[in-house]
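Single-structure report; data block below.
Because only heavy atoms are used, hydrogens play no part in the values below, and waters and symmetry mates are left out as well, while side chains stay in.
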Amino acid sequence: MPTPPQLATDKKAAVLLAAGCEEVEALAVVDALFRAGIRADLVSVSQSLEVVSSHGVRIIADALIADVELADYDLLYLPGGMPGTLHLKACPAVPLEILRRADVGEPIAAICAAPSILAELGVLDRRRATANPAFMEAIAQGGATAEEKPVVVDGAITTSRGAGTAFDLGLELVRQMLGDGAADAVRAGIVHSR
């Protein structure tokens, strides 16, 4: 598991991986969390630990979704990509956990096409959100106020636009979990400009 040698918190994130995911969206966020000292488990939604991304990159997950309790995680993160987003949506445990979290106000993050899953489930109704340009209409149809910002936070829901905004999302999640100082330290460490 991408567990930092020194944890800064006992909080942990579940990063859901599906065949056809966008690897940058998954791994840039994991990298930001790791650098901040936050555990991030790569969880495959299939029956195999090996997940092949939309660009043919092979990623080895830490666990299968059948073997973890998603409710034990402080953050549920859905990378986008196609057809990865479709595979996430088709995994019965994913919509169930999204709806459970939405009901109790627990953190969910999604990027690129993945916010469309939240929209279809009604989670974005009357919320501000963003997505990949090709999915802005889908989130608006799901009741969201669609914004063209790199990252949009509305309550416990955080959304982002795509591979180019993945580190922005990672830094925002670090900020949410550990505060501004931790996010600024990671930003400086990766030479990220604002």
Test Gln176 against every option in Asp74, Leu171, Thr158 by the side chain to side chain contact (heavy atoms under 4.5 Å, CB included) rule and name the one that passes. Thr158
Contacts of [X] that satisfy side-chain hydrogen bond (donor to acceptor under 3.5 Å, both in side chains) - sequence neighbours left out:
X: Thr165; value: Ser160
X: Ser46; value: Ser44
X: Thr159; value: none

Side-chain hydrophobic cluster, 4.5 Å single linkage: members besides Val52: none
Residues clustered with Leu86, ILVMFWY side-chain links under 4.5 angstrom: Met82, Phe135
Between [X] and [Y], is there a shared hydrophobic cluster once you connect ILVMFWY residues whose side-chain heavy atoms come closer than 4.5 Å?
X: Val45; Y: Val68; value: yes
X: Val51; Y: Leu49; value: no
X: Val24; Y: Tyr77; value: no
X: Ile65; Y: Ile60; value: no
X: Val174; Y: Val151; value: yes

[Y] and [X], any side-chain heavy atoms less than 4.5 Å apart:
X: Val30; Y: Leu42; result: yes
X: Cys112; Y: Thr85; result: no
X: Leu76; Y: Ile98; result: yes

For the pair Asp41 and Arg39, find out whether any cationic side-chain nitrogen is under 4.0 Å from an anionic carboxylate oxygen. yes
So how far is it from [X] [atom1] to [Y] [atom2], rounded to the nearest 0.5 Å?
X: Phe167; Y: Ile190; atom1: CZ; atom2: CD1; value: 4.5 Å
X: Leu33; Y: Leu169; atom1: CG; atom2: CG; value: 8.5 Å
X: Asp180; Y: Leu178; atom1: CG; atom2: CG; value: 11.0 Å
X: Leu96; Y: Leu70; atom1: CG; atom2: CG; value: 10.0 Å
X: Leu78; Y: Ile108; atom1: CG; atom2: CD1; value: 8.0 Å
X: Ile139; Y: Met136; atom1: CD1; atom2: CE; value: 5.0 Å

Without swapping roles, check the side chain of [X] against the backbone of [Y] for a donor-acceptor pair under 3.5 Å.
X: Ser54; Y: Cys21; value: yes
X: Thr130; Y: Val152; value: no
X: Arg161; Y: Ala131; value: yes

Could you pull out all residues at least two apart from Asp154 that satisfy side chain to side chain contact (heavy atoms under 4.5 Å, CB included)? Arg127, Arg128
The criterion is side chain to side chain contact (heavy atoms under 4.5 Å, CB included); which residues satisfy it with Ala71, sequence neighbours excluded? Glu69, Glu97, Arg100
Taking it one step at a time, do Ile157 and Val153 satisfy side-chain contact (heavy atoms from CB on, under 4.5 Å)? CA-CA 6 Å; Ile157 308 294; Val153 179; over 6 Å; no
Applying salt bridge (Lys or Arg N to Asp or Glu O under 4.0 Å) to Glu172 and not counting sequence neighbours gives Arg175
Can you name the salt bridge (Lys or Arg N to Asp or Glu O under 4.0 Å) partners of Arg58, sequence neighbours left out? Glu50
Taking every heavy atom of Ala138 against every heavy atom of Ala119, the minimum-distance pair comes out as O-CB, 3.8 Å
Donor-acceptor list for residues 11-19 side chains, cut-off 3.5 Å, not counting sequence neighbours:
unit_1: Lys11; atom_1: NZ; unit_2: Met177; atom_2: O; d: 3.4

Pairwise side chain to side chain donor-acceptor pair (under 3.5 Å) hits with a residue in residues 111-124, at least two apart: Lys89-Glu120
Residue pairs passing the salt bridge (charged side-chain N to carboxylate O under 4.0 Å, His left out) test where at least one lies in residues 21-34, sequence neighbours excluded: Asp31-Arg35
